[in-house]
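Just so it is clear: chains get the letters A, B, ... in the order the sequence lines come, proteins before strands, and each one is counted from 1. Remember, it's a predicted structure, so these values are computed and weren't measured experimentally.
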Amino acid sequence: MSKESLLECLNPQQREALLYTEGPLLILACAGSGKTKVVAHKFAYLLKAKKFPASSILALTFTNKASKEMRERVLSLTGKDIGDSWIGTFHSQCSRLLRKEIRPLGYKTDFSIYDEDDQCTLIRHILREFRFHEALYKGVAAKISSLKSSLIGPEEFLSTGDGFGFDEKLAKVYLRYQSELKRCNALDFDDLLGLTVTLFEKKPEILEKYRERFAYILVDEFQDTNYAQYRLLRQLGSGGRNISVVGDDDQSIYRFRGADVNNVYRFEKDFPGAKVMRLEQNYRSTQNILDVAYAVISKNPTRKPKKLWSGRQGGEQVFHCWLADEEEEARHVAKTIKELYLKGEYEFNDFAVLYRINMQSRSVEEALRDEAIPYHIVGAISFYQRKEVKDIIAYMRLVLNRSDNVSLRRVVNSPPRGIGAATLSKMENEAKKKSLSLFEVIRSAVKANGVTSAVKEKLEGFIQVIEQLASRKYRTAADLMRDIVEKSGYRECVDVERAENIEALIASSHETDLRDFIDRVSLFSGLDEPAKDKSVSLMTLHGAKGLEFPVVFITGLEEGVLPYFKALDNQDEVSEERRLFYVGMTRAKEILWFTGASRRKLYAKFQDQQASRFLADIPKKCCCWIEKTKAPQVSRAVRPGSDSKKPAFPYVAGCRVRHPKWGVGVVRDCYGDGEEQKVMVNFPNIGIKKLVLRFANLEKI
DNA sequence: AAAACTCCTCTTTTT
DNA sequence: GAGGAGTTTT
């Protein structure tokens, strides 16, 4: 495509954003305003008109899907070979960089990458060793991850500790976790970002090298950056360098993962001289849908003001229907889909049903089945999460990096080799004493007759398999995987289905280079969705980001569901729930339905539901209200939970209390009412106690 | 290795 | 109130 035609298919604002190529630029792009298009076109423009080499542009996205799309778009716009360009996710580009440069930080370049599962496994292991409450591993992992994504190290965290023992324990686990990772020569997802930042800090000459290499930085979905990512961008892009970030603060919905919208608000300050532009024309939805979405989102207190307008004037009203319970709600959705389908204007794949929590899919699925409507759930269990797939990958990682103790523990007894916990913990103690890897310790134990002959034989078998695999030079991942299933005896011990999944894994690697394949699967959440033909899409509101459908249903518009009850006592979180709703609404091109129910079964009990406060913000003229059951009481936004029937609890789960006898503990649950209000509190070293509030004499701290 | 048990979670989840 | 995962028991 010529330089001129690159510009032709853009509107004036998009063109301006593309042509502005000197210094920092923040592009605030509303939903459906073509931001991905602008980023891709800008990349192409930099190549074509500005004659930048592809390798001098760093283009960062959040998902593999987005980076793949960007790559394809740039390729089709320019026809140029962009094979060596730095287009990719933050994580993949950091791992690429660290594979070259990590040595000064004391890791080897063949490091393993641990995903969340591996991270949990390791943390659990540490908790067990410290004799801490092992079952809390998930919370501990989440907390450590959030500290890491904010670049807070264990020592720094400890210095801000609460002084009651919780944070000290956590810091101890955190510290150990980091040293275990290093011992395994492994990085978790947060390390990929955090260690890149650390590397740049410790080795300014390396930073300088990359600052020179990258003549231009492009960032998509900027509102989703966490602190580490923001720091990285500042390191590479500060000082008036060329950086364009594109994002929409109204679509920031990953706060719980460490994303910080404030990065959008900080940009102008931290990148002095930054130009701010807006893309406000929406190419997706009808004006009526946008009016509704805008009415809701504009109620958020801190947001960059933006207008939102469509070339598609008018459009149908938005529909809202209130029903008796979730089953009726689901039936209503299914019937409406059927009706629209039978009119012949829509195919089944034009419909999406969105919900706040996965649990809500159940009733919808049943109703769709009853109506014989084909559907699929987006974002269900991922291929790479399967046990057999993870096992094979763990074998590969161990072969490539024999320090990888987590992978070793995973595969040492699978298939069953009779190597039990006792043997392993003995080896582990040895390993710690001699500061060697588990693999080395096992190998020397076999040689030195350190164990009984029966055990020795078993260990020897395992060591031989790994050494044999490691001694060969494999070019492709497929070759190694085939040998693994053969030589390890894995093939014999799995059922047909699992064997098929392994075959699928091998097939999916094509002829990829071994190292590339490992990195790809480590940084990949799911196999490319095989384009489901002609069926209704079911997904969470989070899962819907970036997608669009002619007809969208948003279900469960009730207080406690959307906004979700856990978000209710925090203003920032309610704002995020509102953004989530906004993201859902702006997925719709033509028809948008809201549904809610008076009664819903949530966590094993039926609950009476009230209409979501967000519905109160929708202008009456835009919306057609259909009431199949008694009119809902629409909650007013200005009334934070004041009319709930039950007396409010002085505590919420997660807060800390002091007990006269047991000291400080964490509240895990509150239940019962009136005189019978009870709390469940976890006291360190004592365990969980259930207390009646009236008698317990607790003090909030 | 299967069965029984215990304990935990129960929001969202780009990598 | 169900499902998952781990541990202990047989």
Side-chain angles (χ1 to χ4, degrees), chain A residues 60-69 88-95 113-121 124-125 127-128 133-139 141-142 145-146 148-149 187-194 220-221 223-226 228-229 251-259 354-362 378-382 384-385 387 413 416 418 420-421 493 519-526 539-547 556 560-568 573 576-577 579-581 583-584 601-606 653 668-669 680 682 687-688:
Chain A
L60 298 170
T61 64
F62 277 83
T63 64
N64 292 298
K65 202 173 137 209
S67 67
K68 190 173 161 224
E69 193 185 331
T89 63
F90 273 92
H91 292 85
S92 71
Q93 300 315 84
C94 283
S95 97
I113 297 173
Y114 285 176
D115 67 9
E116 251 150 67
D117 265 13
D118 304 317
Q119 182 184 35
C120 283
T121 312
R124 243 173 134 133
H125 191 80
L127 289 173
R128 188 179 318 171
H133 203 35
E134 190 186 333
L136 298 173
Y137 71 98
K138 273 198 172 148
S145 174
S146 110
K148 289 178 77 165
S149 67
L187 274 63
D188 66 14
F189 288 159
D190 299 308
D191 283 332
L192 291 172
L193 307 171
D220 197 12
E221 306 278 18
Q223 77 283 352
D224 289 335
T225 47
N226 63 26
Q229 287 158 330
Q251 291 189 70
S252 165
I253 53 173
Y254 284 102
R255 200 177 100 106
F256 69 95
R257 296 277 293 188
L354 311 182
Y355 36 80
R356 179 64 179 79
I357 52 179
N358 283 307
M359 214 184 69
Q360 288 173 263
S361 76
R362 212 212 62 232
V378 177
I381 241 261
S382 133
Y384 291 110
Q385 313 250 51
K387 181 182 176 298
N413 205 28
C493 79
D519 278 358
R520 207 179 73 206
V521 295
S522 303
L523 295 172
F524 217 76
S525 59
M539 68 190 94
T540 63
L541 288 160
H542 286 87
K545 198 168 101 173
L547 305 176
V561 176
L562 186 64
Y564 194 68
F565 71 93
K566 293 218 169 154
L568 290 182
E573 286 187 38
E576 179 132 325
E577 297 288 308
R579 291 194 289 268
L580 197 49
F581 184 35
V583 166
K601 199 175 179 186
L602 281 169
Y603 305 124
K605 44 182 178 249
F606 282 101
R668 303 189 54 74
D669 195 15
M680 198 187 278
N682 184 22
I688 290 173

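In this structure, A/H91 and A/I357 both approach DNA chain B, and ranking their closest nucleotides by distance from the 5' end singles out A/I357. Of the two residues near DNA chain B, A/L580 and A/G139, the one whose nearest nucleotide lies more 5' is A/G139.
Rounded to an integer number of Å, the gap from NZ of A/K68 to P of B/dT14 is 16 Å. For A/L541 and B/dT11, the CG to P distance is 15 Å, given to the nearest whole Å. Nucleotide B/dT12 holds its P atom 14 Å from the CD atom of A/E573, rounded to whole Å. For A/R255 and B/dT11, the CZ to C1' distance is 13 Å, given to the nearest whole Å. We find that CZ of A/F581 is positioned 18 Å from C1' of B/dT11, with the value rounded to whole Å. Distance CG (A/D117) to C1' (C/dG6): 15 Å, rounded to an integer number of Å. Straight-line distance from the CZ atom of A/F90 to the C1' atom of B/dT15: 12 Å, rounded to whole Å. One interatomic measurement links the two molecules: OH of A/Y254 to P of B/dT11, which rounds to 16 Å at whole-angstrom precision.
Atom name C1', nucleotides B/dT13 and C/dA2: the rounded distance is 22 Å, in whole Å. Rounded to a whole angstrom, the distance from the P atom of B/dT12 to that of C/dA5 is 16 Å.
Rounding to the nearest 0.5 angstrom, the gap separating the OG atom in A/S149 from the CG atom in A/D191 is 11.5 Å.
Residue A/F565 is out of contact with every strand shown, counting any heavy-atom pair closer than 4.0 Å. Within 4.0 Å of A/E116, counting heavy atoms only, lies at least one base atom of the nucleic acid.
Taking a pair as Watson-Crick or G-U wobble with both distances under 3.5 Å, the runs of three or more consecutive pairs in DNA chain B are B:1-10 with C:1-10.
Taking the charged nitrogens against the carboxylate oxygens, A/K566 and A/E573 have no contact shorter than 4.0 Å, which rules out a salt bridge.
Closest heavy-atom contact between A/D190 and A/Q119: OD2-NE2, 4.2 Å. Closest heavy-atom contact between A/I113 and A/S522: CB-CB, 3.9 Å.
For A/F62, counting side-chain heavy atoms from C-beta on, the closest listed nucleotide (B/dT14, B/dT13, B/dT15) is B/dT14. Across B/dT15, B/dT14, B/dT12, the shortest atom-to-atom separation from the side chain of A/F256 is found for B/dT12. Closest to the side chain of A/H542, from the set B/dT14, B/dT12, C/dT7, is B/dT12. Of the listed nucleotides (B/dT12, C/dT7, B/dT14), B/dT14 has the atom at the smallest distance from the side chain of A/A259. The side chain of A/K566 has B/dT11 as its nearest neighbour among B/dT11, B/dT15, B/dT14.
Residues that satisfy the side-chain contact (heavy atoms from CB on, under 4.5 Å) test with A/L547, not counting sequence neighbours, are A/K65, A/M539, A/F549. Scored by the ring pair (Phe, Tyr, Trp, His ring centres under 6.0 Å) test, A/F256 finds A/Y254, A/H542 as partners (sequence neighbours excluded).
OP1 or OP2 of B/dT15 has not a single side-chain nitrogen or oxygen of A/S522 nearer than 4.0 Å. A close approach under 4.0 Å does occur between a side-chain nitrogen or oxygen of A/Y564 and OP1 or OP2 of B/dT11. OP1 or OP2 of C/dG6 lies within a sub-4.0 Å distance of a side-chain N or O belonging to A/R124. Residue A/N358 has no polar side-chain atom (N or O) positioned under 4.0 Å from OP1 or OP2 of B/dT11. Using a 4.0 Å cut-off, no side-chain N or O of A/N64 falls inside it from OP1 or OP2 of B/dT14.
A/T121 places a side-chain N or O within 3.5 Å of a backbone atom of A/D117 that can act as its donor or acceptor partner. With hydrogens and angles ignored, the 3.5 Å screen pairs a side-chain donor or acceptor of A/E576 with a backbone N or O of A/R255. Checking side-chain atoms of A/R124 against main-chain N and O of A/Y137 turns up no donor-acceptor pair under 3.5 Å.
Side chain A/R257 to base B/dT14: no donor-acceptor pair is found below 3.5 Å.
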